[in-house]
Protein chains: 2
Amino acid sequence: MSDITTQKNVSDRERLVKMLKALGNPVRFQIIQFLAQRQVCITNDIVRATPLAQSTVSQHLKVLREAGLIKGDIEGPATCYCLDTDGFTWLKQNFQAWVPDVQVCCPPVERH
Amino acid sequence: MSDITTQKNVSDRERLVKMLKALGNPVRFQIIQFLAQRQVCITNDIVRATPLAQSTVSQHLKVLREAGLIKGDIEGPATCYCLDTDGFTWLKQNFQAWVPDVQVCCPPVERH
DNA sequence: AAGTTATATCGTAAAATTACGATATATGAG
DNA sequence: CTCATATATCGTAATTTTACGATATAACTT
């Protein structure tokens, strides 16, 4: 309990950090934007909206899935992706809770 | 303009993604938490609150600085760090704006 | 001036991420 | 059954990130 890596709410914090990490990549961030706009689409729609190889997109989708940001339902030969409602609700709440609201910062301090 | 990597607001999006990436690392996230709690402290306070080497912490601080999340003022021989007010205000606003608010997701769709 | 403290940067090793092509699997069409 | 389509996974190369020790710099102390 002496350093900042041993605290309470570890699993919540880890979940949040995992989500932020997943979003902190330009390709994945834009896949989320694309999915938010399209609501529902299959993998191939995302691949075609991208300059990347299908396997690369599939890998990014896996990261987003494992972060709890998207859900994929198998529909016949394709996989139908959409945003994970619960995941995003949780993210928005916890982002507000964990990421500091800064009011005043860097007051002039005297250090001796 | 045909794929999702060519859109408007690129620099805002890039700035947001850069911030999310910076936060999407457990060490850096906890440095932010630590700074939010302590308001102001020098590098060595953070190093001592951490199991990591000084150079490693310094490197993480650089990432946070370059993402616009913290500011460092040189005070004598030490550097005095605090959260970047403007950066966090911008982040919170743009997170709300860019990260989708999901209401309904995955309606049952018929695919032919 | 010499020693101490605080920190950033450099060089580098190890690990993780990102991207690709190839492949395996599964579904639907003919 | 065969072919086409859709996608996940595997193997792998290139790049980036993460971490460390060593070093350079800068400011106080004595």
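In this structure, the separation between CG on Leu69(B) and CH2 on Trp90(B) is 10.0 Å, given to the nearest 0.5 Å. Expressed to the nearest 0.5 Å, how far NZ of Lys92(B) lies from CD of Gln96(B) amounts to 8.0 Å.
Phe29(B) and Trp98(A) have tilted rings, their planes meeting at an angle from 30° to 60° on a 0 to 90° scale.
At least one side-chain heavy atom of His60(A) sits under 4.5 Å from a side-chain heavy atom of Thr56(A).
Between Thr79(A) and the options Ile42(A), Asp73(A), Thr43(A), a side-chain contact (heavy atoms from CB on, under 4.5 Å) holds for only Thr43(A).
Among the atoms of the strands shown, base atoms are found under 4.0 Å from some heavy atom of Ser55(A). Thr56(A) comes within 4.0 angstrom of a base, heavy atoms only. Residue-level contact check: Ser58(A) touches the bases, meaning some heavy atom is under 4.0 Å from a base atom.
Atoms CD1 (Ile74(B)) and C1' (dT5(C)) sit 15 Å apart, rounded to a whole Å. A straight line from CD of Gln59(B) to C1' of dA14(C) spans 13 Å, rounded to a whole angstrom. Rounded to whole angstrom, the span from the OH atom of Tyr81(B) across to the C1' atom of dT7(C) amounts to 8 Å.
Summarising the geometry of Gln39(B) relative to Cys82(B), their closest heavy-atom pair is O-CB, 3.3 Å, with the distance given to 0.1 Å.
Of all nucleotides in DNA chain D having an atom under 4.0 Å from a heavy atom of chain A, the first and last in 5' to 3' order are dA6(D) to dT9(D).
For the segment residues 61-69 of chain A, no residue has any heavy atom less than 4.0 angstrom from an atom of DNA chain C.
In this structure, Gln54(B) and Arg28(B) both approach DNA chain D, and ranking their closest nucleotides by distance from the 5' end singles out Arg28(B).
Of the side-chain N and O atoms in Lys21(A), none sit less than 4.0 angstrom from OP1 or OP2 of dA16(C).
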